[in-house]
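Presented below is the structure to which this report refers.
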Amino acid sequence: MSSIQERALKLHKELVGKLEVVSKAELNSPDDLSLLYTPGVAEPCKVIAENPDAAYDYTGRGNMVAVVSDGTAVLGLGDIGPLAALPVMEGKCVLFKKFGGVNAFPICLNTKNVDEIVQVVKALEPNFGGINLEDISAPRCFEIEARLKKETNIPIFHDDQHGTAIVVLAALINALRVVNKKIDEIKLVLNGAGSAGIAITKLLLKAGLKNVIMVDRTGILCTGELWMNPAQREMANLTNHANLQGSLADALVGADVFIGVSAPGALTGEMVATMNSAVIFAMANPTPEIFPEEALAAGAAVVGTGRSDYPNQVNNVLVFPGMFRGVLDVRASDITEEMNLVAAYAIAGIITDKELNAQYIIPGVFDPRVAPIVAAAVAQAAIDLGLARINANPKEISEKTVLLASR
């Protein structure tokens, strides 16, 4: 067992979990009790009964997100169940609070049934201003998200899909600046046609990508292949216009970009050598598809991973705290692909021309500029799209993010 593993076990056991509930108000006297509970609490209840939107003003709902998982696709651990997933969901809640000042609560569900998950989350809607779906396996995650978006009135965000897609697009925008290429002129190969890979591809297509090939364990996604699931069949119709068949190695010949959301060691130096001044995002965790040293030795121009011990960490924490801060502050009813695009460009734009280089294409996770800028950009996008229930000054939202995250 490594040092980090031993220390992590010790920390979790000593803390007995990473979360606690702390009251904002003092409760030291009968008068305090009368205001916080009976009889005083009846007054906001009556206001909310007449105007449900007042719950945002009189309760914590407007700054509370549920982190919902069934434990079927946890980090690199797979289907470990809801109880074993709980430490991850608690950790996610810590990140929400630290970087975005957003209160978040873990909800780990002891069911894999799509209907049951949807019904439970719908029933919980009065408590939360938004739902962050987490570590739910494909293809069920697509249906769960789609149904919740349709059947609830609060933002639904599957971070494994859209958070990953946003941060990948942000990194790609700047990597292409480094190698002086345009997104509509490159050939891109994505390995791993699950929830993250499909979401990444869809967002990149929306951003202007034309030539993309997706690859899964069985091979290249190609129209007519019988092994694909329905989501992959949809993507086969949107990608691989040359109907190429074969392996990852076949797809990579002459490619400009490799994006991996797949498995350790899937990419070799020999494959990189067949590419064209390659941009490599090897994001399998904790062991990437290829280590940066090997990729660079084989001729890669820019390399990013999901790891914190290498330059260019492509990490979702750059996205979800600011995303939810922005949508909560304007009480947005939805999170759309247009808002995802805005978030990606906001993150990419943080890196100035002077700062940009092959070792620095994306801000670090502790960069204090990120969440406020994302929050302001997303809030403005929600207002522009007519999805905001209240108007707000994005500059004030940015300043509020800084304040809340510093507490």
Side-chain angles (χ1 to χ4, degrees), residues 164-193 196-197 199-215 220 239-240 244 248-285 288-307 310-316 318-319 341 344-345 347-353 355-364:
T164 305
I166 291 165
V167 75
V168 166
L169 174 56
L172 181 61
I173 290 166
N174 285 341
L176 293 180
R177 287 167 62 195
V178 171
V179 297
N180 196 27
K181 296 180 182 180
K182 296 179 179 179
I183 194 168
D184 61 347
E185 296 175 351
I186 62 169
K187 175 184 176 183
L188 185 147
V189 175
L190 187 142
N191 196 49
I200 291 168
T201 303
K202 286 183 174 179
L203 191 63
L204 295 184
L205 288 170
K206 193 168 185 65
L209 180 65
K210 306 293 184 186
N211 185 3
V212 54
I213 297 172
M214 299 186 72
V215 186
I220 295 172
T239 63
N240 189 16
L244 182 68
L248 175 61
D250 298 320
L252 283 169
V253 175
D256 301 282
V257 178
F258 167 88
I259 296 174
V261 280
S262 51
L267 182 66
T268 66
E270 290 77 11
M271 295 179 192
V272 175
T274 69
M275 298 175 67
N276 176 25
S277 298
V279 171
I280 305 291
F281 294 160
M283 297 187 297
N285 253 331
E289 286 82 358
I290 189 171
F291 278 97
E293 300 91 337
E294 184 179 358
L296 292 167
V302 180
V303 181
T305 70
R307 294 172 59 122
Y310 285 99
N312 300 329
Q313 184 184 17
V314 186
N315 192 309
N316 294 13
L318 294 172
V319 178
L341 274 177
Y345 279 99
I347 295 167
I350 291 171
I351 308 297
T352 66
D353 289 338
E355 293 173 315
L356 183 69
N357 62 71
Q359 301 293 306
Y360 185 51
I361 59 169
I362 196 160

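The figures here come from the full heavy-atom set of this structure, side chains too, leaving out hydrogens, waters and symmetry mates.
Atom OH of Y345 and atom CD1 of I350 lie 15.0 Å apart (nearest 0.5 Å). Between the CG atom in D250 and the CD1 atom in I213 there is a gap of 9.5 Å [rounded to 0.5 Å]. For the atom pair CD1 of I173 and CD1 of I361, the computed distance is 10.5 Å after rounding to the nearest 0.5 Å. Between E294 atom CD and I290 atom CD1 the span is 4.0 Å, to the nearest 0.5 Å. Remark: L296 CG to I280 CD1 distance equals 9.0 Å, nearest 0.5 Å. Atoms CG and CG, on L248 and N191 in that order, are 4.5 Å from each other to the nearest 0.5 Å.
Heavy atoms only, all atoms of each residue included: I362 and A170 are closest at CD1-CB, 4.4 Å. Of all heavy-atom pairs between I220 and N240, the closest is CG2-ND2, 3.5 Å. Across all non-hydrogen atoms, the minimal contact from A251 to V189 is O-CG2, 3.4 Å. A pairwise comparison of heavy atoms in S277 and A301 identifies O-CB, 4.0 Å as the closest pair. Residues L318 and P363 come closest through the heavy atom pair CD1-O, 3.5 Å. When all heavy atoms of Y360 and E355 are compared, the closest pair comes out as CD2-O, 3.5 Å.
Proximity of L190 to V215: side-chain heavy atoms (C-beta onward) are nowhere separated by under 4.5 Å. Looking at heavy atoms from C-beta onward, L341 lies in side-chain contact with L169 at the 4.5 angstrom threshold.
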For a side-chain contact (heavy atoms from CB on, under 4.5 Å) check, start with the C-alpha distance between I347 and V319, then their side-chain angles and the critical distance, and finish with the verdict.
CA-CA 8 Å; I347 295 167; V319 178; 3.9 Å; yes
Does the side-chain contact (heavy atoms from CB on, under 4.5 Å) test come out yes or no for K182 and L176, once each step is laid out?
CA-CA 6 Å; K182 296 179 179 179; L176 293 180; over 6 Å; no
Test side-chain contact (heavy atoms from CB on, under 4.5 Å) on N211 and I186; report intermediate values, then the result.
CA-CA 7 Å; N211 185 3; I186 62 169; over 6 Å; no
Go through it in stages, so that I can follow the logic: the residues are N357 and V178, the test is side-chain contact (heavy atoms from CB on, under 4.5 Å), and I'd like the CA-CA distance, side-chain angles, deciding distance and then a yes or no.
CA-CA 6 Å; N357 62 71; V178 171; 5.8 Å; no
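Taking D256 as the reference, K181, N276 meet the side-chain hydrogen bond (donor to acceptor under 3.5 Å, both in side chains) condition, with sequence neighbours excluded. For E293, there are no salt bridge (charged side-chain N to carboxylate O under 4.0 Å, His left out) partners at least two apart in sequence or on another chain. For the salt bridge (charged side-chain N to carboxylate O under 4.0 Å, His left out) test, residues two or more places apart in sequence or in another chain that qualify with K206 are E338.
Side-chain N or O atoms of D184 include none that pairs as donor or acceptor with a backbone N or O of L209 at under 3.5 Å. Of the possible polar contacts, none joining the Q313 side chain to the T305 backbone as a donor-acceptor pair under 3.5 Å is found.
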